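Everything on this sheet refers to the single structure shown next.
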Number of protein chains: 2
Amino acid sequence: NFQYMEEKNIKMALNDNKAGMEGLDRDKINKIIMESSKGSKFYENEVKREQQVNQRIDKMMLQKEQITEQHLKKAQAQVARMVVELEKRRDLTRVIVHVDMDAFYAAVEMRDCPELKDKPMAVGSMSMLSTSNYHARKYGVRAAMPGFIAKKLCPNLVIVPTNFDKYRAVSSEIREIFADYDPNFMPMSLDEAYLDFTEHLEKRQSWPDSLRTHHYRASSNPKGIAPNMMLAKVCSDKNKPNGQYRLPSTREAVMEFVCNLPVRKVSGIGKVSEKLLNALGISSCSHLGQKMALLSLLFSETAWHHFLQVSLGLGSAFIPRHEERKSMSTERTFKEMSAAEEQLSLCRELCEDLANDLKKEGLKGKTVTLKLKNVNFEVKTRALTLSYPVATADEIFAVAKDLLKTERDNESPQPLRLRLMGNQIKQFN
Amino acid sequence: NFQYMEEKNIKMALNDNKAGMEGLDRDKINKIIMESSKGSKFYENEVKREQQVNQRIDKMMLQKEQITEQHLKKAQAQVARMVVELEKRRDLTRVIVHVDMDAFYAAVEMRDCPELKDKPMAVGSMSMLSTSNYHARKYGVRAAMPGFIAKKLCPNLVIVPTNFDKYRAVSSEIREIFADYDPNFMPMSLDEAYLDFTEHLEKRQSWPDSLRTHHYRASSNPKGIAPNMMLAKVCSDKNKPNGQYRLPSTREAVMEFVCNLPVRKVSGIGKVSEKLLNALGISSCSHLGQKMALLSLLFSETAWHHFLQVSLGLGSAFIPRHEERKSMSTERTFKEMSAAEEQLSLCRELCEDLANDLKKEGLKGKTVTLKLKNVNFEVKTRALTLSYPVATADEIFAVAKDLLKTERDNESPQPLRLRLMGNQIKQFN
DNA sequence: TTGCAAACG
DNA sequence: TACTCGTTTGCAA
DNA sequence: CTCCACATC
DNA sequence: TACTGATGTGGAG
Ligand SMILES: Nc1ncnc2c1ncn2[C@H]1C[C@H](O)[C@@H](COP(=O)(O)OP(=O)(O)OP(=O)(O)O)O1
Ligand SMILES: Nc1ncnc2c1ncn2[C@H]1C[C@H](O)[C@@H](COP(=O)(O)OP(=O)(O)OP(=O)(O)O)O1
Ligand SMILES: [Mg+2]
Ligand SMILES: [Mg+2]
Ligand SMILES: [Mg+2]
Ligand SMILES: [Mg+2]
């Protein structure tokens with residue numbers, strides 16, 4: 001029992017930074033997760049990665065020791081100047097909405113099979129789940145968890161295979177609704193988007209009760225409403241499922257909101273950043289503000305600028321236009337594969353699939369990247385940039401097969417034992 | 001590591017009383033088995049049963065303490081008298097053969113799919129294997145092991161589903177061969193029979209090289225040859241796979257053979273009897289002879305008579321006629337089932353299946369037995385004997401459903417949570 | 001330009 | 001037996 | 001007669 | 001998430 005209390009140091013533990021994961025028996029859940037994982041290659045790799053993170057922390061703490069009061073004072077001054085600048089530009093005039101469907105894939109499946117409504121269920125396979133409904137989340141079952149572990153947590157869990165096309169179809173219906181409110185809305189994924197409601201409100205002078213009544217009844221659509229994207233995003237998670245949260249557009253409300261906000265809730269601050277910050281005594285955003293001078297000395301410019309903005313409750317108050325894609329890739333996991341011919345023919349197949357996808361969007365790219373994951377879950381990428389853009393399967397394969405051959409030849413001990421292969425194209429120009 | 005060395009006291013450990021299980025890494029195997037099982041309801045039940053056996057041993061050891069030299073002497077005298085009697089009747093004139101196919105189901109599947117020949121494979125499912133080929137046995141994979149554990153022991157194991165009809169068909173071909181040598185042979189299972197070769201040898205004056213050359217090439221058919229059934233059975237296991245063993249028909253040869261024979265090798269002495277005997281310092285059959293007086297005081301008459309015969313290398317020198325069946329039953333394991341209607345309708349189905357089977361053999365029986373196993377693997381049987389024999393589904397169900405209802409009503413806490421149900425008929429007259 | 005780690009859904 | 005896939009970003013070499 | 005434990009394949 | 005199913009024997013109550 002004791003051993004699972006140390007969960008903070010253990011990568012395998014339940015990641016409960018997710019709606020619907022509050023107040024469940026974490027010890028029991030972590031025990032089951034741990035016992036299902038311990039000894040597996042996956043687990044060993046996670047342990048290795050965790051150690052690397054710990055080393056990173058050690059290095060950071062050493063650096064911290066070197067910092068003098070002098071340094072800190074100077075840094076503090078610079079931070080203060082920047083705060084003034086940022087406050088000057090603070091914009092509370094916009095109304096930014098972040099919409100994010102509840103348990104999206106699961107909701108679609110439940111719509112199509114109402115039997116599932118009162119059951120704990122998840123979408124995916126015995127190997128991997130991409131989401132679960134809220135009933136299942138009560139058991140600790142969540143996205144990115146393998147189904148066979150989820151089944152141990154929740155023996156009655158129903159696992160429905162993924163129907164990506166359905167989700168894409170529902171998504172496009174949802175987006176039509178979004179467009180009614182803000183034609184320039186920014187989709188972030190199939191189930192989620194930022195909308196600038198400012199104009200709509202000026203015209204209508206009133207809030208819609210809910211987008212829900214209009215749109216396809218697959219899923220409820222809770223919103224987060226706030227003066228900028230960063231805050232709206234946090235807010236949309238707040239009353240999940242099935243609710244919304246509006247943060248008033250005043251500096252006081254914003255600062256109070258941000259004060260006790262755990263850093264991990266902020267989009268962009270993940271597990272590792274959280275751990276780094278925790279090591280410095282920072283867990284909430286108010287701590288961020290208090291330690292900005294230190295942070296400016298320990299982190300990169302982009303990183304501490306971001307932290308500073310977060311600590312002030314700042315974020316983008318306008319929604320950028322949708323950007324063109326920068327890369328396209330395809331990858332596949334399979335049972336251990338060591339035979340050269342088999343690997344080569346799989347590589348060819350991946351190139352064909354990728355070429356197909358490129359064709360659909362009429363794209364050509366100059367950089368071909370081969371991705372390999374061996375049976376110990378160690379990932380490698382090998383890239384080559386050509387002087388001309390390519391798009392066909394043959395062109396891509398010509399590059400990829402050489403990259404693969406080099407890796408096979410250099411592998412020791414022989415042979416190269418793979419569990420995943422992937423191809424990527426970028427540099428579209 | 002250490003903990004798995006204590007395997008003698010642990011029910012879950014690999015049962016290696018099986019051909020092809022010699023000289024493999026038992027510690028590693030037991031570790032995997034244990035880690036796959038620990039904490040499961042199955043495991044908990046095994047632990048409970050093991051404790052009961054231990055209590056039985058404790059009781060026996062207490063009884064042993066009460067025994068005086070007097071008792072022992074008297075017992076020794078009785079044993080000695082019986083030895084004289086038995087020796088008088090010792091019959092070394094018959095040639096008894098026990099034939100037992102190698103890895104029978106697996107051999108049939110390999111015959112039908114030669115791809116499998118060089119692979120470790122087993123017959124059954126992820127839940128249960130009924131046998132494995134010798135390649136797989138090298139990994140500790142064997143009959144009565146669940147497939148999912150076998151897969152951990154041997155990731156490349158191929159599991160092919162059971163085709164019982166095929167095995168029955170092959171079996172009947174084999175039996176035709178058997179009949180050529182002894183029309184009164186006694187089949188013990190699909191792949192195994194006792195034959196009395198005495199007459200055949202008197203006529204032919206020579207041994208067939210092998211039955212193998214004659215019969216269907218599904219499986220090799222190693223034999224054990226000895227002057228009685230008990231010894232023949234032990235011998236047939238000796239040179240598995242693919243060999244045979246003949247024990248000469250002299251008292252000396254027999255006694256030497258028996259001397260170092262582990263009691264567990266004797267048919268009828270299983271895991272529990274072995275453990276009881278071990279507690280008395282008995283592991284080989286020679287020990288049996290040395291401690292017969294003690295055994296006659298601690299075990300039932302039938303039991304110690306059996307032990308005495310074994311210790312003298314005695315057994316039946318003639319093969320009894322095939323007996324009529326005494327019972328017929330059908331049972332099924334399923335996912336936890338608690339709802340009354342569901343249980344009832346399953347019970348009806350089982351009765352129908354049983355009635356069908358009874359009809360095929362034109363049988364009627366007076367005793368109906370309901371078998372239940374709850375989700376903790378605890379087994380109950382409840383029987384009722386009628387004054388008249390029954391055979392139809394309705395008749396059987398009329399009894400079974402009442403037996404079931406009683407159990408449901410008496411269960412506490414409610415409800416009755418089942419994992420298996422079965423029906424049996426006996427008392428055919 | 002390359003390779004990797006982190007993050008997100 | 002079974003621990004994803006597609007995409008972006010940032011950092012360091 | 002009933003129930004259970006043990007054993008076999 | 002998955003630990004059988006058919007049959008027989010013996011012993012105790
Ligand atoms: N780790 C993942 N791997 C693959 N697909 C994922 C993953 N996480 C999420 N998805 C897919 C399935 C989700 O339904 C969909 C939207 O993601 P997201 O909004 O984060 O969760 P969700 O909509 O299922 O639940 P909720 O938003 O209520 O927490 O994207
Ligand atoms: N525990 C069991 N449960 C179900 N079926 C079994 C079990 N044990 C054996 N069988 C079936 C499958 C076997 O092929 C067949 C003959 O059993 P048996 O002769 O003991 O083993 P085997 O023929 O497979 O291997 P071998 O005899 O070489 O040790 O009976
Ligand atoms: Mg969502
Ligand atoms: Mg989302
Ligand atoms: Mg056999
Ligand atoms: Mg057999």
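Sequence lines set the chain letters: A, B, ... in the order given, protein chains first and strands last, and positions in each chain run from 1. On a predicted model such as this, the values are computed, not experimentally measured, just so you know.
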N or O in side chain of T367(B) less than 4.0 angstrom from dC1(E) OP1/OP2: no
If we only count heavy atoms from C-beta on, is the E274(A) to N17(A) side-chain gap below 4.5 Å? no
Give the rounded distance in Å between these two atoms: CZ of F164(A) and P of dG6(D). 9 Å
Atom CZ of F299(B) and atom P of dA7(E): how far apart are they, to the nearest Å? 11 Å
Protein-proximity profile, nucleotides 7-13 of chain F, B/S/- by nucleotide at the 4.0 Å heavy-atom cutoff, equals BSSSS--
With a 4.0 Å cut-off on heavy atoms, is L153(B) in touch with a base, just the backbone sugar-phosphate, or nothing at all? sugar-phosphate
Counting only pairs under 3.5 Å, give me each side-chain donor-acceptor contact of residues 419-429 of chain B, with atom names and distances, residues two or more places apart or in other chains.
none

I need the NE2-C1' distance between H306(A) and dT9(D), as an integer number of Å. 12 Å
Is it the case that the base of dC3(D) and the side chain of S37(A) share a donor-acceptor contact (distance under 3.5 Å, atom types as modelled)? yes
Per-nt protein contacts along nucleotides 4-9 of chain C (heavy atom under 4.0 Å; B base, S backbone sugar-phosphate only, - none) come out as SSSSSS
Under 4.5 Å between any side-chain heavy atoms of L372(B) and R382(B), yes or no? no
Starting the side chain at C-beta, find the nucleotide from dC3(D), dG5(F), dC3(F) nearest to F42(B). dC3(F)
N-O pairing of R325(B) and E361(B) below 4.0 Å: yes
Do the side chain of T162(B) and the main chain of F164(B) share a donor and acceptor less than 3.5 angstrom apart? no
Could you state the atom-to-atom distance from CG of L354(A) to P of dG6(D) in whole Å? 10 Å
Can you tell me which residue among E331(A), E407(A), E378(A) is in a salt bridge (Lys or Arg N to Asp or Glu O under 4.0 Å) with K371(A)? E331(A)
E192(B) vs H98(B) side-chain heavy atoms within contact, under 4.5 Å: yes
Students often get this wrong, so: under 4.0 angstrom with heavy atoms, is L129(A) touching a base, only sugar-phosphate, or nothing? nothing
Walk me through it: do N54(A) and K275(A) pass the test side chain to side chain donor-acceptor pair (under 3.5 Å)? CA-CA 9 Å; N54(A) 286 337; K275(A) 204 171 173 188; 3.0 Å; yes
From CG of N423(A) across to P of dG3(C) the rounded distance in Å is 14 Å
Can you see if the side chain of R419(B) gets near the phosphate of dA2(F) - specifically, an N or O under 4.0 Å from OP1 or OP2? no
For dA2(F) versus dA7(E), give the span between their C1' atoms, rounded off to a whole number of Å. 26 Å
Send over the distance from I159(B) CD1 to dC3(F) P, rounded to a whole Å. 13 Å
Report the distance from atom CZ of F428(A) to atom P of dT7(D), rounded to the nearest whole Å. 8 Å
Taking CZ from R332(A) and C1' from dC3(D), how many angstroms apart are they, rounded to a whole number? 18 Å
Which part of the nucleic acid does L157(B) contact within heavy-atom distance under 4.0 Å: base, sugar-phosphate only, or nothing? nothing
For K335(B) and D357(B), find the nucleotide of DNA chain F closest to each by heavy atoms; which residue's nucleotide sits nearer the 5' end? K335(B)
Residue pair K240(B), D237(B): steps toward the salt bridge (Lys or Arg N to Asp or Glu O under 4.0 Å) verdict: CA-CA 6 Å; K240(B) 260 177 177 286; D237(B) 204 55; 5.4 Å; no
Check the angle between the aromatic planes of F377(A) and F42(A) and answer parallel, tilted or perpendicular using the 30° and 60° thresholds. perpendicular
Just to be sure I understand the rule, does Q427(A) reach a base, reach only the sugar-phosphate, or reach nothing, if contact means heavy atoms closer than 4.0 Å? sugar-phosphate
Measure from the side-chain heavy atoms of M128(A) and tell me the nearest of dT2(E), dC3(F), dT4(D). dT4(D)
